[in-house]
There are 2 protein chains.
Amino acid sequence: MNGVPRSQQSKDAKKSAPLTRDAEATRSSILDSAEDEFAANGLLGARTEAIAAKTGVTKAMIYYYFQSKEQLYEAVLERAFLRRLQIAQSINLAAMSPDQALERCLRELLIDVSKNKNLSAIFFYEAVQNKGKYYNKFGAMSLYGVLAGILEQGVAKGNFRQLDPMHTAVNIVGASVFYFCTRENIKHLWAGKNLLSSDMVEWHIKEAIELIMNGVRASDG
Amino acid sequence: MNGVPRSQQSKDAKKSAPLTRDAEATRSSILDSAEDEFAANGLLGARTEAIAAKTGVTKAMIYYYFQSKEQLYEAVLERAFLRRLQIAQSINLAAMSPDQALERCLRELLIDVSKNKNLSAIFFYEAVQNKGKYYNKFGAMSLYGVLAGILEQGVAKGNFRQLDPMHTAVNIVGASVFYFCTRENIKHLWAGKNLLSSDMVEWHIKEAIELIMNGVRASDG
DNA sequence: GTCTATAACCTGATAGAC
DNA sequence: GTCTATCAGGTTATAGAC
């Protein structure tokens, strides 16, 4: 993540101890590098050599800590999965109207996706390349359950129109993350602009929220 | 595509000619198999051996017809690209109101995506794995230009609310295709159901269209 | 805990017979 | 046009020194 090879680090090296022997730090560094690599290339395409190089350790370390590429991948996926779920769960939804809750949830999701481009790519690869094999180990309800819950309440209270909560939750996430996932294909649509600049990201967030909020609201709102 | 190894075919084999020597048919068969393989694994992950096996020919044939895996990939991408664009262009948009045009366009897109699951996966891989390198060779405006045009007209005529046509076009496609792309991850949300059954697909199409049409329409419609 | 070296395997691509 | 064989390069994973 920081690009500094561990072999060149000197951080609090106790006297003449061999350069940086910090198991927890190494493990965590490997996870960071692995997340980048898996996001770019998927489980199959990821190269352990590349992960080792980014971390600044040798390939052997990968296997020392994670036994296999597959187990490293599972560790990355679990960490990513829990991180995104926690964002949704950290919001006190009960205290808000369905309208407020949905908009708040959406904004948090969009900000998270814009900051953490890796997750969307990893989840996509997981779905297409691995057919959800690992995703479904954690599965449960994840973000979709939270969104569907809000939508269901909104329909019951009359804030939202008649809609299917689960289908709509999935379509909402699609409208939110597609821009980031497919950005390298669609960059020519905004020639000269950087799609990840804060201007463009804020614009996308605004447009996505407006599309979705108008899309679910009851017409007599 | 049909699973019958060419070596076992006997279709109109002229007398004692060596089993099926039909350049155009072989070329086309390879393209079909390649599309499946690239959709499942991307350019990097696709195996020429797998494409050859699916087609029922040997690996050497791939190189005889397409010189390299990369050129085969480009051929697949170009065919897929043109196919999708033609669907959008085959509609006589000028004759419809923005409302009708958008709904018609959406329905065609959703039906195409549901029938041709390969395209969405290929385009995704292309964006994430190849960073749009090949996509942008054809690029131009594609489907997004058509959608953005409809949206722009709708805003001008007052049918649609104030919105940015291009951002909204991208978000609309996202809401439409995400369900199919990520189906292997989200299948547990509808336990026991097949997400590609006609019931579920029709349900998704209905929900997606309602979300989007309500999302863009002016509130005083 | 970290490194070097290498085993065992897989894959894209080509040569050459038919 | 199609097949069989094979090479050259690259990848995961492990053994063993430090």
Side-chain angles (χ1 to χ4, degrees), chain A residues 4-31 33-34 37-38 40-76, chain B residues 4-31 33-34 37-38 40-76 129-130:
Chain A
V4 179
R6 284 173 55 67
S7 344
Q8 291 167 26
Q9 290 177 353
S10 59
K11 160 201 173 195
D12 74 349
K14 287 179 187 171
K15 255 199 173 164
S16 60
L19 290 165
T20 58
R21 276 169 179 261
D22 183 339
E24 211 38 61
T26 302
R27 218 190 110 96
S28 177
S29 285
I30 293 175
L31 275 175
S33 305
E37 178 71 7
F38 285 128
N41 302 311
L43 169 57
L44 199 131
R47 298 295 168 233
T48 55
E49 176 62 48
I51 295 171
K54 269 184 222 169
T55 312
V57 297
T58 59
K59 251 191 305 184
M61 284 290 88
I62 308 282
Y63 294 92
Y64 175 76
Y65 282 102
F66 296 95
Q67 290 74 54
S68 69
K69 187 164 98 162
E70 194 180 346
Q71 285 181 62
L72 171 58
Y73 176 73
E74 285 192 56
V76 166
Chain B
V4 179
R6 284 174 54 69
S7 346
Q8 291 168 26
Q9 291 176 354
S10 60
K11 160 200 172 195
D12 74 349
K14 287 181 188 169
K15 258 204 172 161
S16 60
L19 288 166
T20 59
R21 275 169 181 261
D22 184 340
E24 213 37 61
T26 303
R27 219 190 109 96
S28 176
S29 285
I30 293 175
L31 274 175
S33 305
E37 177 72 6
F38 285 128
N41 301 310
L43 169 57
L44 199 130
R47 299 294 166 234
T48 55
E49 176 62 50
I51 295 171
K54 268 184 222 169
T55 313
V57 298
T58 60
K59 248 192 306 183
M61 283 289 90
I62 309 282
Y63 293 92
Y64 176 76
Y65 282 103
F66 295 95
Q67 290 73 55
S68 70
K69 188 166 97 163
E70 194 179 346
Q71 285 181 63
L72 172 58
Y73 176 72
E74 286 193 56
V76 166
Q129 203 167 50
N130 306 328

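These figures come from a predicted structure and were not determined experimentally.
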Side-chain N,O (A:R47) to OP1/OP2 (D:dG10) below 4.0 Å = no
ask   = Nearest-Å distance, CD (A:Q67) to C1' (D:dT12)?
value = 14 Å
query = Counting only side-chain N and O atoms of A:T26, is one of them less than 4.0 Å from OP1 or OP2 of C:dT2?
reply = yes
inquiry  = So, OP1 or OP2 of D:dT12: does either fall under 4.0 Å of a side-chain N or O from A:T48?
reply    = yes
inquiry  = What I'd like to find out is whether the side chain of B:L72 reaches to under 4.5 Å of the side chain of B:I51, using heavy atoms alone.
reply    = yes
query = Over how many whole Å does the gap from B:K69 atom NZ to C:dC10 atom P extend?
reply = 16 Å
message = At less than 4.0 Å, is any side-chain N or O atom of B:Y63 found next to OP1 or OP2 of C:dT14? Yes or no.
response = no
query = Rounded to whole angstrom units, what separation is found between the OH atom of A:Y73 and the C1' atom of D:dT12?
reply = 18 Å
key: A:F38 side chain reached by A:K69 side chain, heavy atoms, under 4.5 Å   = yes
query = Within less than 4.0 Å of OP1 or OP2 of D:dT2, is there a side-chain N or O belonging to B:Y65?
reply = yes
ask   = Is the backbone N or O of A:E24 less than 3.5 Å from a side-chain atom of A:S28, with the two atoms forming a donor-acceptor pair by type?
value = no
ask   = Does A:S68 make a side-chain N or O approach to OP1 or OP2 of D:dA13 shorter than 4.0 Å?
value = no
message = Rounded to whole Å, how long is the line connecting atom CD1 of B:I30 with atom C1' of D:dT2?
response = 11 Å
task = Just compare D:dA13, D:dG1, C:dA15 and give me whichever is closest to any side-chain atom of B:A60.
result = C:dA15
query = At under 4.0 Å between heavy atoms, what does B:A46 touch on the DNA or RNA strands: base, sugar-phosphate, or nothing?
reply = sugar-phosphate
request  = Please assess A:Y64 against A:T26 for the test side-chain contact (heavy atoms from CB on, under 4.5 Å), listing each intermediate value before the final yes or no.
outcome  = CA-CA 11 Å; A:Y64 175 76; A:T26 302; over 6 Å; no
note = Between CG of A:L72 and P of D:dT11 the distance, given in whole Å, is 17 Å
Nearest-angstrom distance from the residue atom CD of A:E49 to P of C:dT4 = 11 Å
query = Rounded to whole angstroms, how far apart are CZ on A:F66 and P on D:dT12?
reply = 16 Å
task = Starting from C1' on D:dA13, measure out to CD1 on A:I51 and report it in whole angstrom.
result = 14 Å
Exam field: side chain B:E37 to backbone B:R47, donor-acceptor pair closer than 3.5 Å = yes
